[in-house]
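A short write-up of the structure that comes next.
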Amino acid sequence: MTLFVAVPTAWMIAIAGLFGLIIGSFLNVVIHRLPRMMEQAWEQEARAVLDPTLSAPAPAPRFDLWWPGSACPHCARPIRAHENIPLFSYLLLRGRCPGCSQRISWQYPLVELLTAVLFAVCIAHFGVTIGGVAALAFTGVLVAAAGIDARTTLLPDQLTLPLLWLGLAVNSFGVFTDLESAVIGAMAGYLSLWLVYQGFRLLTGKEGMGYGDFKLLAALGAWLGWQALPMILLLASLVGAVVGITLILLRGRDRNVPIPFGPYLAAAGWLALIGGDRLLAVYL
């Protein structure tokens, strides 16, 4: 169902791209701060468990997605409004902090540009419809989850579980698949990687992946149905294997250092959302 019929499609694609730049800027905040927020919560829980007789510690300074304001991680100089325009400020500042001249991480413009492109593709593919708006939400969460996993090898429940439930809610209206396929997809997505994890641990005594990967694949199954899971796993595994082997050969990366699987699952899931029918035909 089209939401805005009076606006030309090209304009809506351009607006989606600009909106993606803004959302990408916020996703950078999520990627940077959510792991730190989780660490603070874990520290407080650990203290309470290790010594429950301790008096309550003084509350830590407020730190969340909204406070404190953005600042340079090197010199702590607050970032002014005109220096915080997505992508354009990075180009105008030539990738350096105006206070200390340290390089600004390439992550910030990359996430903003990537989100803008993906948002534009979603609207070009689905149009300004319920499916298009849902695809934007799906895309935003995947970008944030992939970014956090790439930096920290963590896939937060704060992202994967809401994504799973949102997928079931969206497909209760049959937007991307029927509800039965979505429910089976959520169960099969979790159990398939859980079984691989258990088998690998029995054979090697090592943990091959984290539980966040199970939950992310369950979320992808909830959005796309169980039919898309084999293709998603194949795509993610192939790309992950190629990247891993390349890092080992070119950079001398220790093969015992874990490579996060979440970014490859996220990329495969997004490709399945946009080109699922064509990819499935190629896969079959």
Side-chain angles (χ1 to χ4, degrees), residues 10-40 61-124 136-156 159 239 242-244 246-253 257 259-260 262-264 266-267 270-271 274:
W11 278 102
M12 293 309 302
I13 294 173
I15 292 171
L18 292 175
F19 182 61
L21 285 177
I22 297 171
I23 296 299
S25 180
F26 174 71
L27 294 181
N28 272 317
V29 177
V30 175
I31 292 169
H32 176 68
R33 296 193 180 194
L34 183 55
R36 292 178 59 188
M37 293 163 56
M38 294 167 60
E39 288 177 1
Q40 288 183 353
R62 178 183 170 187
F63 183 83
D64 52 38
L65 298 180
W66 317 104
W67 186 266
S70 299
C72 173
H74 303 287
C75 65
R77 175 184 179 273
I79 297 176
R80 298 166 184 168
H82 69 276
E83 298 168 349
N84 207 23
I85 303 172
L87 189 59
F88 298 103
S89 290
Y90 181 87
L91 298 175
L92 291 174
L93 296 174
R94 298 182 181 180
R96 292 186 179 275
C97 170
C100 63
S101 298
Q102 289 289 329
R103 284 200 172 276
I104 301 170
S105 172
W106 56 265
Q107 170 199 311
Y108 299 104
L110 177 61
V111 170
E112 291 165 356
L113 181 60
L114 176 64
T115 308
V117 171
L118 297 183
F119 272 33
V121 172
C122 285
I123 294 303
L136 297 185
F138 178 78
T139 300
V141 177
L142 287 185
V143 170
I148 291 174
D149 198 24
R151 292 183 71 242
T152 66
T153 67
L154 293 173
L155 277 172
L159 296 177
V239 175
V242 170
V243 172
T246 302
L247 290 174
I248 291 172
L249 293 178
L250 297 183
R251 297 187 179 181
R253 184 187 180 107
V257 175
I259 297 175
Y264 309 119
W270 188 86
L271 289 173
I274 298 299

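Between Ala266 and Leu142, the closest heavy-atom pair is O-CD1, 3.6 Å. Nearest heavy-atom pair across Ala144 and Ile31 is O-CG1, 3.7 Å.
Contacts of Arg77 classified as salt bridge (charged side-chain N to carboxylate O under 4.0 Å, His left out), with partners at least two apart in sequence or in another chain: Glu83. Asp64 meets the side chain to side chain donor-acceptor pair (under 3.5 Å) test with Arg62; sequence neighbours excluded. Evaluation of the side-chain contact (heavy atoms from CB on, under 4.5 Å) rule for Pro109 yields Leu87, Tyr90 as partners, not counting sequence neighbours. Residues passing the side-chain contact (heavy atoms from CB on, under 4.5 Å) test with Pro86, sequence neighbours excluded: Leu21, Ser25, Glu112. Residues that satisfy the ring-ring contact (aromatic ring centres under 6.0 Å, His included) test with Phe88, not counting sequence neighbours, are absent from this structure. Not a single side-chain contact (heavy atoms from CB on, under 4.5 Å) links Pro78 to another residue, sequence neighbours left out. Checked against side-chain contact (heavy atoms from CB on, under 4.5 Å), Ser89 has the following partners two or more places apart in sequence or in another chain: Ile85.
A distance of 12.0 Å separates CD1 of Ile22 from CG of Leu27, quoted to the nearest 0.5 Å. From Asn28, atom CG reaches atom OG of Ser70 across 9.5 Å, with rounding to the nearest 0.5 Å. Asn84 CG to Ile79 CD1: the interatomic distance, rounded to the nearest 0.5 Å, is 5.5 Å.
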Would you tabulate the side-chain donor-acceptor contacts of residues 94-106 under 3.5 Å, counting partners in other chains and residues two or more places apart, or write 'none'?
| residue | atom | partner | partner atom | Å |
| --- | --- | --- | --- | --- |
| Arg96 | NH1 | Ser101 | O | 2.9 |
| Ser105 | OG | Gln107 | N | 3.1 |

Tabulate below the donor-acceptor pairs under 3.5 Å that side-chain atoms of residues 113-120 make, not counting sequence neighbours, or state none.
| residue | atom | partner | partner atom | Å |
| --- | --- | --- | --- | --- |
| Thr115 | OG1 | Val111 | O | 2.7 |

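The stretch residues 66-87 participates, sequence neighbours left out, in these ring-ring contact (aromatic ring centres under 6.0 Å, His included) pairs: Phe26-Trp66.
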| said: For Ile23 and Val143: C-alpha separation, side-chain torsions, deciding distance, then whether side chain to side chain contact (heavy atoms under 4.5 Å, CB included) applies. | reply: CA-CA 10 Å; Ile23 296 299; Val143 170; over 6 Å; no
| field | Full working for side chain to side chain contact (heavy atoms under 4.5 Å, CB included) between Cys122 and Trp270 | value | CA-CA 10 Å; Cys122 285; Trp270 188 86; 3.7 Å; yes
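Between the side chain of Asp149 and the backbone N or O of Gly262, at least one donor-acceptor pair lies under 3.5 Å.
His32 is not listed as a side-chain neighbour of Ile148, based on a closest heavy-atom distance of 4.5 Å or more.
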